[in-house]
Amino acid sequence: MPRRSIWKGSFVDAFLLRMKKKRDLLLNRKIWSRRSSILPEFVNCSVRIYNGKTPVRCKITEGKVGHKFGEFASTRKRRLSRTNIGPGRKRGKKESLSAYGTKRKSDFGKTWSES
């Protein structure tokens, strides 16, 4: 992925630049600018990053500096994998063995013509 030119610097939205001077305003603040870079001044602040539906709570640590805000708020839903459910079998229903033609205890000892 191409990076931004060094002479341009990292992109930070204008309202975030104003907020970095007043740290108490940044605490628990909603952020819609997912494209803004995280600056070292934002460390130890908790923000809520908008993911397109609801704001996601995120605590900024030193390891997140230099990344974008949008990297830490996923916009996709996680789906359960279908590996746990076998093919052709529905959840919650048990299949009875007698439906497949197996013999019951009362059938043992009888010949085919008697049953």
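Numbering of residues begins at 1 and proceeds along the displayed sequence.
The two residues Asn44 and Lys59 make their nearest non-hydrogen contact at O-NZ, 3.8 Å. Between Leu16 and Ile31, the shortest heavy-atom contact is CD2-CD1, 4.0 Å. Closest heavy-atom contact between Arg34 and Ala73: NH1-O, 3.0 Å.
Residue Phe69 is not grouped with residue Val56 when hydrophobic side chains (ILVMFWY) are merged at heavy-atom distances under 4.5 angstrom, including chains of intermediate members. Neither Tyr50 nor Phe15 shares a network with the other; the hydrophobic side chains, linked directly or stepwise wherever heavy atoms of I, L, V, M, F, W or Y lie under 4.5 Å apart, form separate groups for each.
Of the candidates Thr61, Val65, Ile38, Val43 forms a side chain to side chain contact (heavy atoms under 4.5 Å, CB included) with just one, namely Val65.
Using bins of under 30°, 30° to 60° and over 60° for the plane-to-plane angle, the ring pair Phe72/His67 lands in the perpendicular bin.
For the atom pair CG (Leu39) and SG (Cys45), the distance works out to 11.0 Å, reported to the nearest 0.5 Å. Rounding to the nearest 0.5 angstrom, the gap separating the NZ atom in Lys68 from the CD1 atom in Ile49 is 13.0 Å. Note that CZ of Arg35 and CD of Glu71 are 15.0 Å apart. Values are rounded to the nearest 0.5 Å.
With sequence neighbours excluded, the residues satisfying side chain to side chain donor-acceptor pair (under 3.5 Å) with Asp13 are Ser33.
Thr54 is not listed as a side-chain neighbour of Arg48, based on a closest heavy-atom distance of 4.5 Å or more.
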